[in-house]
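Within every chain, numbering begins at 1; the chains are lettered A, B, ... in the order of the sequence lines, protein sequences first and strands thereafter. What's counted below: heavy atoms across the whole structure, side chains too, no hydrogens, waters or symmetry copies.
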Amino acid sequence: MDPYEVEFIGENRIVSIIPNFTYDKIYLICGEFGPFRAGLPMNVPLWLAMMLKQKQKCRIVPPDWMDLDVLENIKEEEKRSRFFTKMPNEHYMVEAKLILGAASEDVPNAAEIKTIIKDIWDIRMSKLRTSMDALMKSGGGYGRLDHLTMMEINSAKPLLPSAMDYLLQIQMKAQKKVTQQSLLNTSTFSQSGSSQNT
Amino acid sequence: MENSNYLSVTDILVTNEKIPCKFLHDLPKMGFLDPSAADNDLKAGTNVEIPLWLAESLYSRRPPLVSVELPKIYKDSYREILNADACTVDMHKLNQHFYELGCYIAKHDIKGEVANTLINTFRQRFRMLLSACVSTDSVGAIQPLSASERQQAADAGSTEKALATWLQRGDSVLTTANMVANHRKRKRAEMEMF
Amino acid sequence: MDLIDTNIALSDEDDEEEITAEVVLKTLQSAWQNERLAPEILPHRNDMVECMLGQIQHMERNINKLPKIDLRASIHKMELSRIKFIICNYLKTRINKIEKYCIPILNEERQRMETGSNYLTPTEFKYAQEFVMNMENHVKTVVLSKMPGNMQLFEMNKMAEHPNLHSHVFLKANETVTGIVLEDLAGEDEEIDLEEGSQHILQYKPIADLIKNGKVQLI
Amino acid sequence: MFAEKVIELLKEAERNPATIDPFNDDKIRQILEEMQSLFKMNMNDANATMENKTLWTTVQVRHSALERNKRCLLAYLYNRMNKIKTLRWEFGSVLPPDVRELLSDDEYLWFSKYSSNLASYMRSLGQDIGYNGIDLTENLKPPKSLYIEVLCMADYGKLELEDGDVILLKRNSRHFLPTSECQTLIRQGILKQIT
């Protein structure tokens, strides 16, 4: 998938905004949102939040996790742990990129937050590469990847699955025939064995 | 694998590689298959290098018309190098279709060592693919890869690039379709030649 | 103003169940995601597609009643174009697979039709048939008919391209599933459990049915 | 060696994976001739196997070569068909003359049949509920905004928008248009999105 398609999926997440206009509830196919009360926080899908922000119709309320202390902890833990730690949400990078891109003035310490999120991303990406290599070395047939977000998983495509496919193909084509052949050999041996018995 | 390879150009090119065979029967009028002989006929027992597709087809006849020998790159001395450190080998020089050809050859290797070498080699070299797709010196990183490894590294490279673009910029831009753009480019190049 | 009916009656022969447009959209989105990521063609969800198309149509009519620069109109239009993207991409992904694997898909579909468990919509089926026929005619005219007599056959089995069911996919378990057997070529099969919410990369084949019954989601 | 011409043909096609080359009529004719002559030799030798049994192996070698030639020719055609499909999705149902002339007459016929099969499939979409069909060559990317700014790359002429407005697309003119209505023109290289 294209990163923009993953972003598209992530844009369905609900975020909080403060509209600067007042309006009735809106009935969308993906659910009902509103009523819009100027100055009062409310929930909308991320794509709608971005659209309203572009039209300067709202401020974005930064998600709880977009906070220096919280992120500092995540980063420390990510560094410490051999495994992937659980991220604040499945689309943290999409949320971060969109909100910090279009509404950095709504996020306190936006510049620092941007840096620290990028640090976390980089730590996780390099961990991902190490674990991909480990997976291939250890067998390359199966892997468990809890806590990886969709954008991170997407970054391993097509390399990891295609390398696993390729490895399996070599095994099937090269090894299987050998097994078949060695089976043939064993059966010949047992035949000769049985002929000795008679 | 199911028979999905019939129309694959890659498989056709792989099966075009020449491999050493020994003919087990006389072949009248086929002397030209052996460039070193002037005879009109090919005699049983002759060793000749023929394309893999022909070898496969003649080997599968009952009784087989040829026996297939291991090409030297799958023999002990090469396998030792590969098993020691596969990442030092320049596959492009050794054989671009090292793995694919090896898969065909493996069945003629009763001991099954070729299969193991192929598997180990690919597992070891996976880290070369990982670094090729982020390397700044992409030419240097791609150079020693086999054709299929290059393809995988190139695909991974385009993911890497798409992700980098996504991280850097805002909206996705609608662009000209691929073939359209390439035909335009080609047309321009052709016009500039005149 | 209420622009949509939030409750949609999906007539499914005898039992009529009411589901909301929101649920239909969610189902469609997950069908799209699975179709994008699965190697083989999945059972069609034409019910969801048509239901969404109906919603879009209804909504578009209502939007036209709103003033052009109305904020609500833009919001609805944006949502509609998001849904249209999913529908188009979903249908196009299916068409691409139908073309690529046309011969085995048609063969399997003919068997499935006997049991009423078809994967293709009637129009997709028609499209596939025509596609294979055109391909066969083309290669016959251009080369096969000019070959020596015993070479002229259009060999369906050889021309067939098959999806690689052994290819590896990423998935997330929607509910806990136990006892998935991972085949090992050396004969040492391994059994794993997929706990709810856990994520894995494994071969498509052993989990193909779990995708079709919604127990896992490809990611 | 047998079946060498056909390899040249395939290698030629591999060299430009992103464009389509002119249909190589001449080489295909040569390959078909090679097949006919292999077949003729085989007929003769097959008849002679009564006296000389060893000829049978020779016949099998030639038969393998015939099969190989057949496979390669089919692969050549098949790979071109895939490219021609892409042409339909990217250029639309009318090909520019310079692209059209790269196809053989039979291929162009195949293109037209492919195109009309696709068109009738797309027309059938949603018909049960009163749609005039859905164009699957549109909505290719996740939507980001309803309107975009575009630069016109060619003298295209008039474009009528859904709301009835008519605009004139001239080379180097700039417009602010509904995304949904200029996607196809962007894909065809007539408009370019400005960012």
Discussion item. For D/Leu146 and C/Ser74: C-alpha separation, side-chain torsions, deciding distance, then whether side chain to side chain contact (heavy atoms under 4.5 Å, CB included) applies.
Written reply: CA-CA 8 Å; D/Leu146 292 171; C/Ser74 319; 3.8 Å; yes
Worksheet item: What do the steps show when you test C/Lys92 against D/Asn139 for side chain to side chain contact (heavy atoms under 4.5 Å, CB included), and what is the final call?
Response: CA-CA 10 Å; C/Lys92 191 184 159 187; D/Asn139 300 309; over 6 Å; no
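The contact between D/Lys85 and chain C is made entirely by side chain atoms (from C-beta outward), counting heavy-atom distances below 4.5 Å. With a threshold of 4.5 angstrom between heavy atoms, C/Ile86 does not approach chain D through any atom at all. Heavy-atom distances place both the backbone and the side chain of D/Glu107 under 4.5 Å from chain C. With a 4.5 Å cut-off on non-hydrogen atoms, D/Met35 touches chain C through its backbone and its side chain both. Contacts of D/Ile129 with chain C are made by both backbone and side-chain atoms, with heavy-atom separations under 4.5 Å. Interface residue D/Leu66: backbone and side-chain heavy atoms are both found under 4.5 Å from chain C. Both the backbone and the side chain of D/Leu140 come within less than 4.5 Å of a heavy atom of chain C. When heavy atoms are compared at a cutoff of 4.5 Å, D/Asp135 approaches chain C solely by way of its backbone atoms N, CA, C and O. Contacts between D/Leu118 and chain C at a heavy-atom distance below 4.5 Å involve backbone atoms as well as side-chain atoms. In this structure, no portion of C/Leu80 lies under 4.5 Å from any heavy atom of chain D.
Options D/Glu67, D/Lys113, D/Gln36 differ in how many heavy-atom pairs under 4.5 Å they form with chain C, and the most are formed by D/Gln36. When each of C/Lys146, C/Gln57, C/Glu155, C/Arg82 is scored by its heavy-atom pairs under 4.5 Å with chain D, the top score falls to C/Gln57. When the candidates C/Asn89, C/Asn137, C/Asn150, C/Thr141 are compared by the number of heavy-atom contacts under 4.5 Å with chain D, C/Asn150 comes out ahead. Chosen from C/Glu99, C/Met159, C/Met135, C/Lys126, the residue pairing most often with chain D at heavy-atom distances under 4.5 Å is C/Glu99. Taking C/Asn64, C/Asn46, C/Asn134 one by one and counting their heavy-atom pairs under 4.5 Å with chain D, the maximum is reached by C/Asn134. Listed options D/Leu32, D/Leu136, D/Asn117 were ranked by heavy-atom pairs under 4.5 angstrom with chain C; first place goes to D/Asn117.
At a threshold of 4.5 Å between non-hydrogen side-chain atoms, the residues D/Met81 and C/Val139 count as touching. Considering only heavy atoms from C-beta on, D/Ile134 comes within 4.5 Å of C/Leu53 through its side chain. Between D/Leu73 and C/Met147, some side-chain heavy-atom pair lies under the 4.5 Å cut-off.
Under a cut-off of 6.0 angstrom, the local environment of CH2 in D/Trp89 is crowded, with over 12 non-hydrogen atoms contributed by other residues, nucleotides or ligands. At most 12 non-hydrogen atoms from other residues, nucleotides or ligands lie less than 6.0 angstrom from CZ of D/Arg171. Summarising the local packing, NZ of C/Lys97 is surrounded by more than 12 heavy atoms from other residues, nucleotides or ligands at distances under 6.0 Å. In this structure, D/Asp165 places its CG atom where more than 12 heavy-atom neighbours from other residues, nucleotides or ligands lie under 6.0 Å away. Atom OH of D/Tyr78 has more than 12 heavy atoms from other residues, nucleotides or ligands within 6.0 Å. Within 6.0 Å of atom CE in C/Met156, more than 12 heavy atoms from other residues, nucleotides or ligands are found, so the atom counts as buried in its surroundings. With a 6.0 Å radius and a threshold of 12 heavy atoms from other residues, nucleotides or ligands, C/Lys212 has its NZ atom above the threshold.
The shortest heavy-atom contact between C/Phe85 and D/Pro143 is CB-CD, 3.8 Å.
Annotation: the span from D/Glu138 atom CD to C/Ser81 atom OG amounts to 12.0 Å, rounded to 0.5 Å.
In this structure, D/Trp110 and C/His138 have tilted ring planes: the angle between them lies in the 30° to 60° band.
Under the 3.5 Å distance criterion, the side-chain polar atoms of D/Lys70 are matched with a main-chain donor or acceptor of C/Met151.
Under the 3.5 Å distance criterion, with hydrogens and angles disregarded, no donor-acceptor pair is assigned to the side chains of C/Glu130 and D/Tyr121.
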